Amino acid sequence: MTQKRRVPRNFDGGEKEHIDGNLSIFTYPSKVQGRVKARYLNAKEIHVAHTYVVLNCPEIHDALPRFVLHLYDEDLSVRQACRSTLERIALLREMEGSIALLNTPSFNSDHRGDYEGFVRDLTRKFIQQLPSRVDSYMASTIQAFDSTWQIIQANAIHFSSCMLSLFYEQTSVHFFTQVFGFLVGKMSRSGDVVVRAACYSALGLLLKSTSSRSRRSARLESSGSKRRGQES
């Protein structure tokens with residue numbers, strides 16, 4: 001093999017290998033160069049490592065909807081842990097406006113109405129800053145419809161309806177029909193009053209959103225027809 005064709009010494013082939021317990025971004029094979037030295041990371045290095053994981057690890061985005069759903073959990077320690085984690089993620093990602101949103105009273109409130117208001121505002125931030133992730137957030141949230149905890153079911157219903165109503169034109173029609181069908185069935189079958197209330201509220205939100213978009217489309221079509229008539 002000539003020098004030009006020789007594979008670089010540190011080239012690992014670029015292929016991933018599955019290692020149990022490792023995050024996906026740490027599954028690339030590698031070789032240690034030189035003598036191995038063990039030391040503790042300083043504060044700056046730890047911050048850099050945390051930021052890299054938050055910005056590049058798919059598992060973070062997969063788990064993000066779960067943090068949102070458990071912000072209003074029956075267990076106080078779970079609520080507090082989710083709030084703390086979301087604050088860390090927002091700081092590391094430097095999401096514009098999100099840090100201010102996390103400082104509002106509704107974020108730390110234990111009242112359901114405040115939680116629902118916070119989720120609506122947070123959903124707007126997701127749509128503005130992470131539009132490519134909305135479909136994956138929807139898929140993960142829909143999985144929580146089958147949660148054994150009724151309160152998490154209700155939270156998932158509210159969160160999914162917020163995403164659909166605010167991101168309807170870009171979100172898959174499959175999600176809309178799936179959520180709509182679930183709401184209709186759950187309203188008559190669920191024995192939990194919070195779940196039923198969430199279903200009624202979500203259904204009204206989706207119907208209102210669909211109606212407003214239909215009226216806007218009709219106005220745009222009418223305006224376009226008039227303009228074309230004037231030009232002809």
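Keep in mind the model is a prediction, meaning the values are calculated, not measured.
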Indicate yes or no: at least one non-hydrogen side-chain atom of [X] is less than 4.5 angstrom from one of [Y].
X    : Y    : answer
N155 : L71  : no
Y72  : V119 : no
F180 : L207 : yes

Hey, is the main chain of [Y] close enough, under 3.5 Å, to the side chain of [X] for a donor-acceptor pair?
X    : Y    : result
S84  : Q80  : no
T104 : L101 : yes
S147 : A144 : no
S109 : P105 : no
S188 : G185 : yes
S136 : R133 : yes

**OP:** Would you please test I99 and E87 for side-chain contact (heavy atoms from CB on, under 4.5 Å) and show each step?
**Re:** CA-CA 7 Å; I99 296 176; E87 287 175 338; over 6 Å; no

**OP:** List in chain and number order the residues that pass salt bridge (Lys or Arg N to Asp or Glu O under 4.0 Å) with D110, two or more places apart in sequence or in another chain; answer none if no residue qualifies.
**Re:**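 Salt bridge (Lys or Arg N to Asp or Glu O under 4.0 Å) list for D110, sorted by chain: R79, R83.
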
**OP:** Evaluate the criterion side-chain contact (heavy atoms from CB on, under 4.5 Å) for residue pair R112 and V194; output intermediate values, then yes/no.
**Re:** CA-CA 10 Å; R112 179 158 193 87; V194 176; 4.0 Å; yes

Shortest non-hydrogen contact from [X] to [Y]?
X    : Y    : answer
P65  : T141 : CB-OG1, 3.7 Å
I157 : C199 : CD1-SG, 3.6 Å
N108 : L102 : ND2-O, 4.3 Å
C162 : R120 : SG-CG, 3.3 Å
M138 : S160 : SD-O, 3.7 Å
L86  : F107 : CD1-CE1, 4.4 Å

Original post:
What's the verdict on side-chain contact (heavy atoms from CB on, under 4.5 Å) for F159 and M163, showing C-alpha distance, side-chain angles and the deciding distance?
Top reply: CA-CA 6 Å; F159 188 25; M163 285 189 282; 4.0 Å; yes

Original post:
Would you say the side-chain atoms of D75 and S77 include a donor-acceptor pair closer than 3.5 Å?
Top reply: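 Yes, side-chain donor-acceptor contact under 3.5 Å.
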
**OP:** Please work out whether the ring planes of F182 and F145 are parallel, tilted or perpendicular, with thresholds of 30° and 60°.
**Re:**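 Correct class here is parallel.
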
